[in-house]
Amino acid sequence: MKFAKGAAGRIGLAALTVAGMAACAPTAKRTDLVVGESICASGRFDVYFVENQARLTDAATLLLNTAAEKARDCRIQRVRVIGLADATGAPDVNLSLSQRRARAVADALARAGMPAPAFELNAVGDAGAVTPSGADELLRRRAEVIIEAVPR
């Protein structure tokens, strides 16, 4: 019985010593303990245009400015902009329109400070604007933006 009390005493003393040493350790900062999700991730979004126009709307400009702002602290590997058009009008006119839409989006991103090494521009005109059944594909008056980003 005497042995158990002595061992318990030594264990208690050891626990107090460890606790005292832990109290002397530097306290970790909250920022070291809490890690949030990085906004630097690849993604895509669409920029919509008014029929037969390549001029950005106020909403589109706001969207592009926001995207560029969020990307400033990221390493941008690639930005693809694909201009599209609906099936109304002549194919050559639609191709030109989709090219101007892609250029308008890339120019706006560059003006807003998008840290892209280069923009990859594509235009598909009205290709794919009609479904196999002959129906018009909805929401084709747009440019698709695909950003490949990773944290720095």
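Numbering of residues begins at 1 and proceeds along the displayed sequence.
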Ignoring hydrogens, what is the shortest heavy-atom contact between [X] and [Y]? Give both atom names and the distance.
| X | Y | result |
| --- | --- | --- |
| Ala87 | Asp136 | CB-OD1, 4.0 Å |
| Ala143 | Leu84 | CA-CD1, 4.4 Å |
| Phe49 | Val105 | CZ-CG2, 3.8 Å |
| Ala54 | Ala104 | O-CB, 3.4 Å |
| Ala60 | Val47 | CB-CG1, 3.5 Å |
| Cys74 | Ala149 | CB-CB, 4.3 Å |

Using the rule given for side chain to side chain contact (heavy atoms under 4.5 Å, CB included), can you reason through Leu62 versus Asp58, listing the C-alpha separation, both sets of side-chain angles and the distance that settles it, and then say yes or no?
CA-CA 6 Å; Leu62 179 62; Asp58 290 342; over 6 Å; no

If I take atom [atom1] from residue [X] and atom [atom2] from residue [Y], how far apart are they, to the nearest 0.5 angstrom?
| X | Y | atom1 | atom2 | value |
| --- | --- | --- | --- | --- |
| Arg140 | Thr88 | CZ | OG1 | 11.0 Å |
| Arg152 | Arg75 | CZ | CZ | 8.5 Å |
| Arg141 | Asn94 | CZ | CG | 10.0 Å |
| Arg78 | Ser42 | CZ | OG | 9.5 Å |
| Asn65 | Thr61 | CG | OG1 | 6.5 Å |
| Arg80 | Leu121 | CZ | CG | 11.0 Å |

Should we count CG of Asp92 as having more than 12 external heavy atoms under 6.0 Å?
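Enclosed.
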
For Asp107, look at atom CG and say whether over 12 heavy atoms of other residues, nucleotides or ligands are found less than 6.0 Å away.
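Yes, enclosed.
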
Any chance you could lay out the side chain to side chain contact (heavy atoms under 4.5 Å, CB included) test for Phe45 and Leu64, step after step, and finish with the verdict?
CA-CA 10 Å; Phe45 59 91; Leu64 295 169; 3.8 Å; yes

Taking it one step at a time, do Ile82 and Ile146 satisfy side chain to side chain contact (heavy atoms under 4.5 Å, CB included)?
CA-CA 8 Å; Ile82 305 165; Ile146 301 115; 3.8 Å; yes

Main-chain N/O of Val93 paired with Ser96 side-chain donor or acceptor, under 3.5 Å:
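Judged by distance alone, no pair lies under 3.5 Å.
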
Main-chain N/O of Gly125 paired with Ser98 side-chain donor or acceptor, under 3.5 Å:
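Yes, the answer is positive, given that a donor and an acceptor are paired below the 3.5 Å cut-off.
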
List the steps and the verdict of side chain to side chain contact (heavy atoms under 4.5 Å, CB included) for Glu144 and Arg44.
CA-CA 7 Å; Glu144 295 177 1; Arg44 72 169 298 283; 3.2 Å; yes

Are Phe119 and Leu56 connected in a single hydrophobic cluster, I mean Ile/Leu/Val/Met/Phe/Trp/Tyr linked by side-chain heavy atoms less than 4.5 Å apart?
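Per the 4.5 Å side-chain linkage, Leu56 and Phe119 are co-clustered.
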
